[in-house]
Structure formats: C-alpha cells, structure tokens
Amino acid sequence: MVIPENSSIVIFGASGDLTFRKLIPALYHLYANKQLPASFAILGASRTFYSDESFRDKLRHSMQELEETDPATLDAFMAHVHYQSFNISDTNEYGALTSRLDELSDQYGFAQRNTLFYLATPPKLYNFIPACLAAHGLNDESNGWKRLVVEKPFGYDLASARQLDKDIHAYFAEHQIYRIDHYLGKETVQNLLVFRFSNAMFEPLWNRNFIDYVEITGAENLGVEGRGGYYDQSGAVRDMFQNHLLQVLSLVAMEPPAQINADAMRDEVFKALQSLEPLSEDDLHNNLVLGQYTESQVGGKPLPSYRDEPGVAEDSRTETYVGLKMFINNWRWNGVPFYVRTGKRLPTRVTEVVIHFKQTPHPVFGKNAPENRLVIRIQPDEGIQMSFGLKEPGAGFNAKAVNMDFHYTSLEETQMLTAYERLLLDALKGDATLFARSDAVEACWQFVEPILQYKENDKALFGYACGTWGPKEADQLLERDGHAWRFPCKNLTDTEYCEL
C-alpha cells in the first residue's frame with residue numbers, strides 16, 4: 001500500500017455541509033486505517049469564525065452524530081485539524097492563509113510544502129480562488145506539489161465551462177487540477193473496467209454484434225430536499241445527466257486502455273465521449289423526454305409537486321426527469337441504442353447499468369428464448385447479476401430464465417473505501433485516473449448543449465406522479481423499438497418482492 005507524501009490539506013468553505021458530512025469523515029477513516037501520511041495538517045478556511053478548538057469541537061460533535069467513532073482515534077485525528085478564518089472573496093486576506101501554512105509547515109516539519117486545495121465552495125468562487133492562490137505564490141511547485149480539487153458543477157453550459165477552464169489554467173497546469181465526480185469513486189463504477197477488460201469471456205461480446213441495447217439508470221426517490229433555489233437553476237440535465245451518467249456511459253463504452261494509468265484511461269474516456277452522435281432536431285423531438293414530478297401519495301404520505309417545493313418558481317419549467325435514446329458512432333457501438341434516464345421522486349434510489357444481449361439466432365427457441373442480461377449495480381446493494389436460460393424441469397426443452405449474482409457485501413474481509421475516501425486518497429497520491437480531464441468535461445457539455453438550448457425554448461415538459469418511474473413518454477422511447485425499461489428494486493436480486 002502506497003502512503004501519500006507528507007502534506008497540508010486546505011478546505012475552502014470548511015464551515016459548509018460538504019466538509020462536515022463527507023470530507024472530514026472521509027479523512028478520518030483514511031487516518032484510522034493508516035492510509036494518511038505520518039505527518040499531515042488539515043486547515044479549514046472560511047469566513048465563519050472558529051478557533052482551532054471550537055472548529056474541532058464542532059467537527060467532533062458532527063462525527064459522533066453521523067457514526068460511531070473510537071474516541072482515542074478521533075482525538076488523535078482532530079489534533080491534525082486547524083482553522084483559519086478569513087474572507088475567501090478578498091484577495092488581500094490570502095496573506096493570512098500563506099502565513100498560517102508556513103506556521104503549519106514548521107510545526108509539522110514538512111521538508112516540502114505539498115498542499116492540496118479543496119474547493120468546497122459555491123461555484124462562483126472556482127475561478128476566483130485559484131487567482132488569489134497564484135497571487136500569493138501558492139500554486140508554485142518549486143517547493144512541493146500543489147493540487148486543486150474542484151467540485152461539480154464545472155460550468156453551467158459549454159461557454160461557461162470553457163471560460164472556467166481557461167481561468168483556472170491561467171494559474172494551475174492541467175496536472176494540478178482534479179475535477180471530482182464522486183460517482184467515479186464508487187467501487188462498482190471502477191469495477192466496470194476490471195469486469196470488462198480482465199475477463200476474456202465478456203470483452204469479445206462487448207460490441208454491436210452481440211449487444212442489443214444498453215440501459216443506464218440514475219434514480220432518486222427524494223425530491224429537492226430544501227435545495228429548490230439551487231435546483232431550479234440547474235435541473236436534471238445539469239445536476240445528474242451531464243456529469244455522472246455520461247461519465248458512467250463512457251466507462252461502459254470506452255476501448256481498452258494500453259495501460260492502467262491516468263493518461264491512458266482518460267484518453268479512452270475522451271474518445272468515447274467524442275464519439276457520441278450529436279443530437280439533431282429530430283433526436284430532440286423524438287428521442288428526448290423531459291419531465292417534472294407532480295403531487296401524489298406514496299405509502300400513504302402526501303408528497304408535493306416540484307412547483308410546490310420551497311424556493312421553486314410556481315410556473316417553473318425546470319426538468320426533474322431526463323430520458324434519452326442516444327448512439328455512439330464508432331466501430332464497436334454503431335447502431336446500438338443507449339437509453340439513459342435520471343429523475344427525482346422515482347420509486348427507489350438506484351444507479352445501475354443493464355446490458356441486454358441479442359437473442360439466440362437458433363430457430364428452436366426463437367422469440368421464446370430467455371433474454372441474456374447483465375446488471376451492474378452501482379448503488380445501493382452493489383453487485384452484478386447475470387440472467388441466462390436453463391432447461392425447465394420436466395419433459396421437453398423449454399428454457400427458463402435464471403439469475404446468478406455477486407454482492408460486494410460478501411467480501412466481508414475487504415475494507416471498501418467510500419467514494420470520497422478513494423478520491424481524496426488518489427488526489428493526495430497524485431493519481432488522476434478517476435478525475436475528469438478538461439477535454440472530457442468539454443465533450444460532455446458539447447453533447448448536452450442542444451438539450452439546454454431546447455429546454456430554454458419552453459419545449460415539451462411532461463408530468464409524472466411522485467413514486468412512479470417517470471412520464472409515460474419515456475416508456476414509449478423503448479416500446480417503439482420493442483424494448484422496455486427494467487424496473488429495479490432497492491435490492492439487486494429482489495425482483496418479485498420489493499419496496500415498490
């Protein structure tokens with residue numbers, strides 16, 4: 001196991017929810033599992049006033065509410081946590097940050113000033129903070145590496161993404177920039193690559209000759225949960241489709257990399273995204289479904305419509321559901337439809353990829369042959385399920401569909417890192433494999449730009465009741481091709497009895 005070099009971790013926006021719920025717990029678990037360096041410092045930076053001790057107390061209380069912790073380990077970890085109160089929006093105050101980092105470097109005896117800057121701030125500060133860091137020499141790698149972790153959204157559309165990329169690159173080189181997508185930190189997302197490329201029995205079938213169609217689902221059973229003001233300016237296209245689901249699609253569709261390293265992997269991801277067939281006017285009218293949830297009762301509990309959520313405009317046309325039929329123009333995938341959907345207030349929380357193989361051409365079975373299907377479950381109940389045909393007991397040769405499955409929970413002796421643990425550890429090690437590169441981000445925005453323009457023109461927006469699988473028009477996307485969406489349960493293998 002490779003341990004990162006001694007370093008400082010600066011979290012901008014440290015008084016926010018992301019720091020308390022995700023970043024600090026992830027760093028604590030890495031520390032408890034002895035995966036952080038022997039000498040490290042965590043410096044929270046925000047306008048809110050805390051002393052070192054009051055910030056630690058706040059974090060300690062939050063951690064104890066979220067999970068059980070070992071008191072001695074937590075105290076030892078908190079001794080590495082510090083806080084600097086200053087106005088992040090004022091470039092003149094960054095001198096205080098520089099002085100504090102110098103003090104911590106001396107206190108911890110850092111030979112090199114290795115520093116990871118994490119932007120857990122509103123997106124409007126993503127281009128401002130790098131400029132301020134550079135103005136005070138905090139991007140200079142002559143005395144140790146300097147890395148910048150940027151949360152999504154990376155831009156609001158193609159033009160803003162390009163401008164943000166230009167602004168950050170004015171001060172940080174591409175090898176210093178880590179665009180984080182927590183979906184790519186999930187073990188099952190990474191396992192897509194291992195599953196495909198390490199198994200000789202699957203890779204030869206992973207193409208248009210054997211695959212009929214592919215489904216990718218990113219469903220949430222919650223609504224906007226108090227984030228109506230933000231979500232009404234974003235919508236499902238920007239919030240989920242443009243980043244998470246297109247990144248997952250690229251891992252399903254990419255070619256085998258020559259090597260398992262950041263450059264080779266990200267080269268192939270970019271090629272896959274570059275091969276997406278641009279959306280025509282006909283595609284936008286016939287292969288795209290935008291929806292918005294309406295009020296309903298689920299489990300006897302009344303749920304409001306999206307327009308009745310706090311912070312949402314009463315005449316809002318923001319989509320909470322996206323369904324799209326799309327294609328990839330290359331040798332491997334030409335003619336294979338990819339059906340991608342994401343939405344809020346659907347029946348369950350689930351993210352999965354379903355590979356539907358073509359039916360056997362043998363005339364003995366014909367259309368009665370069971371479907372060969374591969375389900376790769378990303379969350380929850382992470383695992384893989386294969387469906388294939390076996391002989392039904394009794395006379396004759398009737399084939400019956402059966403399932404074979406693997407669950408990650410069966411690996412009880414294996415310590416699985418959470419998405420943020422894995423990505424923070426990789427950033428500290430300088431491994432950018434699971435982080436989006438600028439060309440891939442631009443390719444995603446370039447693909448969805450026609451959708452953004454289409455929805456700005458007040459095009460069709462279909463309603464769907466809370467607790468359903470989206471508008472009926474989304475079902476028709478597949479039905480007219482003779483297909484149907486898989487309706488997943490919370491449990492991977494529970495297809496007969498589930499919470500729906």
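Residues Phe202 and Phe195 have side chains in contact (heavy-atom distance under 4.5 Å, counting atoms from C-beta outward). Phe327 places none of its side-chain heavy atoms less than 4.5 Å from the side chain of Val336. Using a 4.5 Å heavy-atom cutoff, the side chains of Arg422 and Leu434 are in contact. Tyr339 is listed as a side-chain neighbour of His483, based on a closest heavy-atom distance under 4.5 Å. The side-chain heavy atoms of Phe462 and Leu290, taken from C-beta on, include no pair separated by under 4.5 Å. Looking only at side-chain heavy atoms (C-beta outward), Phe241 and Val448 come within less than 4.5 Å of each other. Contact annotation: the side chain of Leu249 approaches that of Leu276 to within less than 4.5 Å [non-hydrogen atoms, C-beta and beyond]. Taking the side chain as every heavy atom from C-beta outward, Thr351 and Thr217 never approach each other to under 4.5 Å.
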Starting from the C-alpha separation in whole Å, work towards a yes-or-no answer on side chain to side chain contact (heavy atoms under 4.5 Å, CB included) for Gln292 and Ser316.
-> CA-CA 9 Å; Gln292 188 184 92; Ser316 173; 4.1 Å; yes

Please assess Val81 against Leu43 for the test side chain to side chain contact (heavy atoms under 4.5 Å, CB included), listing each intermediate value before the final yes or no.
-> CA-CA 6 Å; Val81 177; Leu43 179 62; over 6 Å; no

What do the steps show when you test Ile211 against Leu205 for side chain to side chain contact (heavy atoms under 4.5 Å, CB included), and what is the final call?
-> CA-CA 7 Å; Ile211 292 177; Leu205 308 180; 5.9 Å; no

After noting the C-alpha distance and the side-chain angles of Val214 and Val354, does the key distance pass the side chain to side chain contact (heavy atoms under 4.5 Å, CB included) rule?
-> CA-CA 6 Å; Val214 179; Val354 187; over 6 Å; no

Audit row: Glu65, Lys58, salt bridge (charged side-chain N to carboxylate O under 4.0 Å, His left out) steps and yes/no | CA-CA 11 Å; Glu65 281 191 334; Lys58 178 91 172 174; over 6 Å; no

Could you walk me through whether Glu281 and Tyr454 pass side-chain hydrogen bond (donor to acceptor under 3.5 Å, both in side chains), step by step?
-> CA-CA 9 Å; Glu281 282 295 321; Tyr454 176 82; over 6 Å; no

Checking salt bridge (charged side-chain N to carboxylate O under 4.0 Å, His left out) for the pair Glu314/Arg307: CA distance, chi angles, key distance, verdict?
-> CA-CA 5 Å; Glu314 61 182 17; Arg307 293 180 181 181; over 6 Å; no

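Ring planes of Phe55 and Tyr83: tilted class, angle from 30 to 60°. Using cut-offs of 30° and 60° for the angle between ring planes, the Phe77 and Tyr31 rings count as tilted.
Electrostatic pairing of Arg349 and Glu220 does not count as a salt bridge here, judged by no charged N lying under 4.0 Å from a carboxylate O. Arg60 and Asp57 are joined by a salt bridge, as a carboxylate oxygen and a charged side-chain nitrogen come within less than 4.0 angstrom of each other. In this structure, Arg377 pairs ionically with Glu352, as a charged nitrogen and a carboxylate oxygen lie closer than 4.0 Å. Note on Glu473 versus Arg341: no salt bridge recorded, every NZ/NE/NH1/NH2 to OD/OE distance being 4.0 Å or above. Between Asp283 and Lys325 no salt bridge is recorded (no basic side-chain N to carboxylate O distance below 4.0 Å). A salt bridge is defined here as a Lys NZ or Arg NE, NH1 or NH2 lying under 4.0 Å from an Asp or Glu carboxylate O, and Glu319 with Lys455 meets this definition. A salt bridge links Asp239 with Lys152: at least one charged nitrogen is closer than 4.0 Å to a carboxylate oxygen.
Between Thr342 and Met240, the shortest heavy-atom contact is OG1-CB, 3.6 Å. Tyr306 and Asp232 get closest at one heavy-atom pair: OH-OD1, 2.7 Å. The heavy-atom pair separating Leu346 from Trp469 by the smallest distance is CD2-C, 3.9 Å. Pairing each heavy atom of Val194 with each of Asn199, the nearest pair is O-ND2, 4.0 Å. Of all non-hydrogen atoms in Ala460 and Arg317, the two that sit nearest each other are C-NH2, 4.2 Å. For Gly16 against Phe20, the heavy-atom pair with the smallest separation is O-CD1, 3.0 Å.
Not one N or O on the side chain of Thr294 forms a donor-acceptor pair closer than 3.5 Å with the backbone of Gly463. Judged by distance alone, with hydrogens and angles left aside, the side-chain atoms of Glu225 form a donor-acceptor pair with the main-chain N or O of Gly223 at under 3.5 Å. Between the side chain of Tyr231 and the backbone N or O of Ala236 there is at least one donor-acceptor pair closer than 3.5 Å. Under a 3.5 Å cut-off, the side chain of Asn33 and the backbone N or O of His29 do form a donor-acceptor pair. For Asp431 (side chain) and Ala427 (main-chain N/O), no donor-acceptor pair under 3.5 Å exists by modelled atom type.
Here the OG1-OH distance, from Thr468 to Tyr293, works out to 12.5 Å after rounding to the nearest 0.5 Å. One distance of note links CG of Leu279 with CZ of Phe447; it measures 4.0 Å at 0.5 Å rounding. If you take CD on Glu442 and CG on Leu273, they are separated by 11.5 Å, rounding to the nearest 0.5 Å. Between the OG1 atom of Thr121 and the CD1 atom of Ile11 there is a distance of 12.0 Å, given to the nearest 0.5 Å. Taking CG of Asn287 as the start and OG of Ser280 as the end, the distance is 7.5 Å to the nearest 0.5 Å. A distance of 12.5 Å separates OG in Ser296 from NZ in Lys301, rounded to the nearest 0.5 Å.
With hydrogens and angles left out, the side-chain atoms of Tyr118 and Thr19 include no donor and acceptor closer than 3.5 Å.
Heavy-atom neighbours of Lys22 NZ from other residues, nucleotides or ligands within 6.0 Å: at or below the threshold of 12. The environment of CZ in Phe49 is sparse: at most 12 heavy-atom neighbours from other residues, nucleotides or ligands sit within 6.0 Å. The environment of Arg21 atom CZ is sparse: at most 12 non-hydrogen atoms of other residues, nucleotides or ligands sit within 6.0 angstrom.
For an aromatic pair to be called close, the ring centres must be under 6.0 Å apart, and Phe435 with Tyr178 satisfies this.
Both tests pass for Arg238 against the ring of Tyr156: distance under 6.0 Å to the centre and angle within 45° of the axis. A cation-pi contact links Arg179 to Phe154, judged by a cut-off of 6.0 Å to the six-membered ring centre and 45° from its axis.
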